[in-house]
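These notes are about the structure you will find just below.
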Amino acid sequence: MHRRTFLARATQSAVAFGILRDLTACRNMSDAAPSAASGALGDRTFIDVRDRYFVRVLELNPVTATYLGGDGYTPALHDINGKLRDNRPQILNGEGEFYRTTARVLAAIDPASLSPSARIDHAVMNAQVAFLVHQLDDRHYQQRAVDTYVAEPFRGVDWQIQQMQSLPSGQLGSEDEWQLVVARLDAIPKYLDAARANLLLGKSAGNIPDRRMVERDGIGGSRANVDYFHDTLQKLAAGYLGSRPFASSMRSRLAKSGAAAADAYTQFAAFLASTFDVHESTDRFAVGEKEYEWRVHNCLRDPRTAEQLYQYGAEQVAMYEAKIYDVAQQVARDAHLGLRFGTPAERSESVRKVMDYLAKDSPKNDDELFRWYRDVGKRAVAYGREHDLFDIPSTYRLDVEPTPPVLRSTIDAAYYPAPPFKKSGVGRFYLTPTGNDPAALALNNRASVADTAVHEGFPGHDWHYKYMSEHSADISNIRWLTPGAVEDSSSMWEDSMAAEGWGLYSEELMAEPTPGHPTGFYTPAEYLYELQGQLLRAVRIRVDVGMHTGRMTYDDAKSYFTEHVSFYPGACAAADRDPTARAICDQAERAIYRYSKWPTQAITYNLGKSAIVALRDAYKEKVGSAYSAKRFHEKLMRMGTIPAGYFHDEFLAEA
């Protein structure tokens with residue numbers, strides 16, 4: 001077909017499905033983002049398509065819209081925070097046609113006709129649409145997305161509350177904002193009706209979720225949601241509403257709607273328990289080699305095969321283990337521990353003994369643990385200012401908050417950013433309390449805190465997202481999207497390659513030697529844990545590729561994790577008699593479970609970091625003596641949350 005004819009037909013179809021409809025509704029942001037002002041002849045048509053696509057995706061995914069602050073992006077999304085995604089099968093069929101039509105429109109736009117920035121966006125949008133079509137048409141993932149159905153409504157409400165107007169009295173939210181919370185709660189029963197319909201279709205087709213997801217995220221997560229919607233939310237709301245005129249009636253509405261949501265999740269947990277066999281022996285988490293490689297190439301923009309990544313993971317593990325042995329030997333020597341590092345067995349045992357020694361300096365309780373994290377955050381910010389790594393405003397501060405109960409089965413520490421399109425709301429660095437368990441507290445000893453605080457806090461996620469949000473007008477809209485979901489097994493993980501790559505890069509950046517400080521920001525003991533953090537992300541490559549392509553079983557992955565991350569071979573076998581082994585095995589179980597349900601997410605840390613380092617090296621070579629770390633970092637952060645593979649050449653061309 002002649003290209004011009006194809007473009008005309010595709011555009012007509014696009015109008016029919018809303019891609020190009022009401023473009024003026026979103027012109028407010030396209031004018032701020034890289035646009036036709038660049039002078040490229042083809043930009044305006046593409047940007048109109050891009051901007052309409054962006055708004056439509058947020059309309060289809062209300063919780064993603066809440067996460068990004070979509071109601072601050074365009075008036076068309078004013079009430080989006082009162083909604084949940086419509087997963088009814090007939091609605092999903094129409095959604096699939098929207099994405100297929102969008103793909104045809106994109107195919108008719110020649111990337112060579114676009115400016116460099118628009119060309120990047122064109123590639124990003126193509127990858128996003130391909131992923132969404134693949135999820136709906138090929139994988140029918142809505143038929144097994146148990147964790148999505150449990151986590152999404154909670155996260156939507158939690159993010160709503162984070163973003164509410166803050167009042168001087170410590171109260172939160174206007175009456176309109178709380179009415180949207182009630183509306184979203186009211187949407188939960190129908191949302192779960194659609195979830196049941198999809199899961200039953202999946203069961204009939206043999207498209208069945210793994211038993212671990214059903215039991216942990218499904219049944220366990222639903223029960224946590226019951227507690228949250230029935231009790232926790234009501235207590236939070238009472239404090240945030242205070243004694244304002246509308247507070248009493250709003251509390252009543254929240255109690256009624258929260259009780260209905262809690263009842264719906266009670267029924268959903270019972271449905272899952274009666275529909276799926278959580279005691280079956282079949283593993284259903286692996287996506288297979290073909291699917292895995294497709295994701296790596298299309299979503300993460302890495303050209304390697306699964307076998308190449310599997311071998312690369314082994315090389316990275318060996319490299320970081322060697323570094324750890326050297327630093328552990330130094331720490332042991334300084335502490336007069338008298339340890340041997342001759343044979344491989346001696347090195348592993350001695351690293352563990354060094355860590356046992358460091359674990360003695362552990363927090364007495366969770367309160368002290370949180371205080372240590374906050375103190376390290378202050379120290380890291382001071383270091384960043386001293387070494388002129390970034391322009392850090394005097395008002396910048398790092399907060400550390402307890403992880404909400406519904407998320408605790410998945411994460412130990414994590415960061416949830418503020419919405420980029422709104423001025424309200426703050427980013428949250430979540431740390432999961434140990435329940436004052438001595439063995440778990442020992443795993444969070446003083447030396448281990450710095451690495452995590454740097455990754456999740458400064459200059460990692462907290463600083464990264466706050467900088468990007470401050471400069472959101474320089475970052476085009478689709479570079480903020482999290483296609484599929486924000487963070488669960490439905491996710492594309494495009495954003496993770498950028499965000500987690502930056503977090504790991506930050507860890508390594510802070511370890512770069514400075515005069516008189518061969519381990520940079522870290523003490524030698526802290527540097528040991530920074531290297532363990534790098535080793536952890538290398539191990540993730542090995543086990544993630546291994547599990548999802550049939551090279552490792554679930555138990556193989558756990559054993560590999562305890563041996564190479566915690567230097568405790570056979571930890572799970574010793575868990576019944578050794579509290580430390582039990583804590584290590586539990587930590588490995590949480591990690592491997594997460595990797596099993598989130599294919600390719602675990603590899604984004606190391607691959608993203610390596611892509612940033614490669615880009616920095618190429619950038620340094622090009623600009624020579626004019627290189628500035630601050631300028632490189634700021635230019636990189638303004639590219640948004642997309643993998644470096646999408647913009648590597650354009651980034652260097654503009655250097």
Does [X] use its side chain to pair, donor to acceptor, with the backbone of [Y] at less than 3.5 Å?
| X | Y | result |
| --- | --- | --- |
| Ser491 | Asp488 | yes |
| Arg428 | Tyr416 | no |
| Ser362 | Asn445 | no |
| Lys622 | Leu652 | yes |
| Arg301 | Val124 | no |
| Glu321 | Ala318 | no |
| Ser610 | Leu607 | no |
| Trp502 | Pro459 | yes |

Check [Y] with [X], please: is the shortest side-chain N to carboxylate O separation under 4.0 Å?
| X | Y | result |
| --- | --- | --- |
| Arg212 | Asp217 | no |
| Lys466 | Asp462 | yes |
| Asp388 | Lys630 | yes |
| Asp556 | Lys558 | no |
| Glu589 | Arg216 | yes |
| Glu152 | Arg155 | no |
| Lys635 | Glu654 | yes |
| Asp210 | Lys597 | no |
| Glu470 | Arg638 | no |

Task: Sequence-distant partners of His648, ring pair (Phe, Tyr, Trp, His ring centres under 6.0 Å), two or more places apart - done: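 His648 satisfies ring pair (Phe, Tyr, Trp, His ring centres under 6.0 Å) with no residue once adjacent residues are dropped.
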Distance, nearest 0.5 Å, that separates [atom1] of [X] from [atom2] of [Y]:
| X | Y | atom1 | atom2 | value |
| --- | --- | --- | --- | --- |
| Cys572 | Asp555 | SG | CG | 8.0 Å |
| Tyr467 | Ser472 | OH | OG | 12.0 Å |
| Asn436 | Asn365 | CG | CG | 5.5 Å |

Under 4.5 Å between any side-chain heavy atoms of [X] and [Y], yes or no?
| X | Y | answer |
| --- | --- | --- |
| Val317 | Leu535 | yes |
| Gln532 | Met355 | yes |
| Ile120 | Ile642 | yes |
| Glu500 | His455 | yes |
| His387 | Thr514 | yes |
| Tyr646 | Asp121 | no |

- [ ] Output, in order, the C-alpha distance, side-chain angles, deciding distance and verdict of ring-ring contact (aromatic ring centres under 6.0 Å, His included) for His461 and Phe429.
- [x] CA-CA 8 Å; His461 296 324; Phe429 173 0; 9.0 Å; no
- [ ] Flag this pair as yes if the NZ/CZ of Lys620 is under 6.0 angstrom from the six-membered ring centre of Phe632 and inside a 45 degree cone about the axis; otherwise no.
- [x]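 Not satisfied by the 6.0 Å and 45° rule.
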Open item on the list: Would Arg295 pass as a cation-pi partner of Trp493, given that its NZ or CZ must be under 6.0 Å from the six-membered ring centre and within 45 degrees of the axis?
Closed with: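 Geometry flag: not set, cation outside 6.0 Å or 45°.
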- [ ] Among residues two or more places apart or on two chains, list those pairs meeting salt bridge (Lys or Arg N to Asp or Glu O under 4.0 Å) that have a residue in residues 508-535.
- [x]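 As it turns out, the salt bridge (Lys or Arg N to Asp or Glu O under 4.0 Å) pairs with a partner in residues 508-535, which skip direct neighbours, are Arg379-Glu526, Glu508-Lys609, Glu512-Arg616.
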Task: Verdict with supporting geometry, Arg371 and Glu368, salt bridge (charged side-chain N to carboxylate O under 4.0 Å, His left out) - done: CA-CA 5 Å; Arg371 185 164 62 252; Glu368 186 168 53; 3.7 Å; yes
Review item, side-chain donor-acceptor pairs of residues 325-335, under 3.5 Å, at least two apart:
none

Open item on the list: Quick one about Tyr568 and Asp578 (side-chain donor to acceptor, distance below 3.5 Å, no hydrogens or angles considered), yes or no?
Closed with: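 Yes, Tyr568 and Asp578 have a side-chain donor paired with an acceptor closer than 3.5 Å.
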Open item on the list: Under the rule for disulfide bond (SG atoms under 2.5 Å apart), what residues qualify as partners of Cys299, not counting sequence neighbours?
Closed with: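 Listed in chain order: nothing, the list is empty.
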- [ ] Kindly state each residue pair satisfying side-chain hydrogen bond (donor to acceptor under 3.5 Å, both in side chains) with at least one member in residues 541-552, sequence neighbours excluded.
- [x]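 Sorted pair list: Glu289-Arg551, Tyr292-Asp544, Glu307-Arg551, Thr549-Arg551.
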- [ ] Determine the interplanar angle of the Phe561 and Tyr595 rings, folded into 0 to 90°, and report it as parallel if under 30°, tilted if 30 to 60°, perpendicular if over 60°.
- [x]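 Tilted, since the angle between the ring planes falls between 30° and 60°.
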Open item on the list: Between Trp294 and His134, is the ring-ring contact (aromatic ring centres under 6.0 Å, His included) condition met? List the steps.
Closed with: CA-CA 10 Å; Trp294 185 88; His134 182 57; 4.4 Å; yes
Task: Selection residues 623-655 - residue pairs positive for disulfide (SG to SG under 2.5 Å), sequence neighbours left out - done: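 As it turns out, there is no disulfide (SG to SG under 2.5 Å) pair with a partner in residues 623-655 once direct neighbours are skipped.
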Open item on the list: Is it the case that over 12 heavy atoms from other parts of the model lie below 6.0 angstrom from the OH atom of Tyr357?
Closed with: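 Check fails, neighbour count at 12 or below.
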TODO: Would you please test Tyr619 and Phe651 for ring-ring contact (aromatic ring centres under 6.0 Å, His included) and show each step?
DONE: CA-CA 8 Å; Tyr619 182 84; Phe651 190 97; 5.6 Å; yes
- [ ] Mind running ring-ring contact (aromatic ring centres under 6.0 Å, His included) on Phe521 and Tyr383 for me, showing each step along the way?
- [x] CA-CA 7 Å; Phe521 164 76; Tyr383 183 90; 5.4 Å; yes
